Amino acid sequence: MNLTERELITKASLLRGITLGELARQYELTVPSNTIKSKGWVGELLELALGATAGNRSVPDFESLGIELKTLPLTAQLQPKESTFVCSAPISNISASDWESSSVCKKLDKVLWVPFEADTSIDISLRRVGNIFLWSPSSQDIQILKRDWEEHMETIALGQIEEIDGRRGEYLQIRPKGYSSKDRTKTFDLDGAPLMSNPRGFYLRTLFTRKILEN
DNA sequence: TATTGATCATGC
DNA sequence: GCATGATCAATA
């Protein structure tokens, strides 16, 4: 049942132009009337359609291929509309790690991008899937991502998590990630003393996914 | 109006 | 609570 990379790409290419409504019908899913209560729906639909197997385990969507699936919502101008969540930021333990062994690096090693129409004027069931493509970061991309990651991790290691905001990082930013701003998770302050803080996640800026899309 | 900060759903 | 999947909405 495990597809080869080539088979996956072929399968993905067949989805070009299909509407979310058509795809949902194939899997007997109901198209949500709005995305506010169904934020992850498109991602889950594409996981089904392409046979991703990871569920909510912390492994790539296509485990045997080491490929991560990411939907990429587009504006009416076919530009990326939103930043892309990568993974949560480790703020609770100072696990001495380097870029190569980081979750961010592993997640972005191979990504199957699924661009799709996300302009709100289009009915959800009529939004079309675009040209799905397999991508890996270029060496220049990696240089910048690695630098961003190292700067964020150093700030966290110094116990300055509260200083971090979404303005930091050229390609990779850190923003809140949780159920609400009241969410708290364990971390530490600049003296190493325990502190409760808002959970955060790593996100790719739209500036970066726009560059990806252009190539 | 682009970006940062806040939020929604589900499974275990 | 944290992993998965993200988009909404206030504000600069």
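In the text below, chain A, chain B and the rest are named by the order of the sequence lines, each starting its count at 1. Everything numeric here is computed off the predicted structure, so don't read it as measured data.
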Sugar-phosphate, base or nothing in reach of A:Pro199, heavy atoms under 4.0 Å: nothing
Touch class at under 4.0 angstrom, heavy-atom based, for A:Gln79 against every strand present: nothing
Protein-nucleotide distance (A:Glu170, atom CD; B:dT3, atom P), rounded to Å: 13 Å
Pairs where residues 124-136 of chain A contributes a residue and the test salt bridge (charged side-chain N to carboxylate O under 4.0 Å, His left out) is met, not counting sequence neighbours: A:Glu117-A:Arg128
Nearest-Å distance for atom pair CZ/C1', residues A:Phe208 and B:dT3: 18 Å
Atom-to-atom span, CG of A:Leu204 to P of B:dT4 - whole angstrom: 13 Å
Contact nearer the 5' end of DNA chain C, comparing A:Ala118 with A:Val86: A:Val86
Atom CD of A:Glu154: over 12 foreign heavy atoms under 6.0 Å: no
Contact nearer the 5' end of DNA chain B, comparing A:Ser181 with A:Gln173: A:Gln173
A:Glu44 CD - B:dT10 P separation (whole Å): 9 Å
Rounded distance (Å) that lies between atom C1' of B:dG5 and atom CD1 of A:Ile164: 14 Å
Check against salt bridge (charged side-chain N to carboxylate O under 4.0 Å, His left out), A:Arg200 and A:Glu162: CA-CA 11 Å; A:Arg200 323 287 172 111; A:Glu162 302 290 356; 3.6 Å; yes
Distance, rounded to the nearest Å, where A:Arg200 contributes CZ and B:dG5 contributes P: 9 Å
Separation of atom CZ in A:Arg210 from atom C1' in B:dT3, rounded to whole Å: 11 Å
Whichever of A:Lys37 and A:Ser83 has its nearest DNA chain B nucleotide further upstream toward 5': A:Ser83
Any A:Thr35 side-chain nitrogen or oxygen under 4.0 Å from OP1 or OP2 of B:dC8: no
Side-chain ion pair, A:Lys106 and A:Glu100, N-O less than 4.0 Å: no
Earlier contact from the 5' end, DNA chain C, for A:Lys186 and A:Arg167: A:Lys186
Side-chain N or O of A:Tyr179 closer than 4.0 Å to phosphate OP1/OP2 of B:dA9: yes
Sugar-phosphate, base or nothing in reach of A:Gly40, heavy atoms under 4.0 Å: base
Nearest-0.5 Å distance, CD of residue A:Glu214 to CD1 of residue A:Ile212: 10.5 Å
For atom CZ of A:Phe85 and atom C1' of B:dT7, their distance in whole Å: 13 Å
B:dT7 base / A:Lys177 side chain donor-acceptor hit below 3.5 Å: no
Ion pair check, A:Lys110 and A:Glu5, cut-off under 4.0 Å: yes
Touch class at under 4.0 angstrom, heavy-atom based, for A:Asp183 against every strand present: nothing
Phosphate OP1/OP2 of B:dT4: any A:Arg168 side-chain N/O under 4.0 Å: no
Aromatic ring pairing A:Phe85/A:Tyr203, orientation class (parallel under 30°, perpendicular over 60°, tilted between): perpendicular
Positional range of nucleotides in DNA chain C within the contact set of chain A, heavy-atom, under 4.0 Å: C:dC2 to C:dA9
Sugar-phosphate only, base, or nothing, as touched by A:Phe116 at under 4.0 Å among non-hydrogen atoms: sugar-phosphate
Pair A:Glu170 + A:Arg205, salt bridge at N-O below 4.0 Å: no
Sugar-phosphate only, base, or nothing, as touched by A:Lys182 at under 4.0 Å among non-hydrogen atoms: nothing
Touch class at under 4.0 angstrom, heavy-atom based, for A:Thr84 against every strand present: nothing
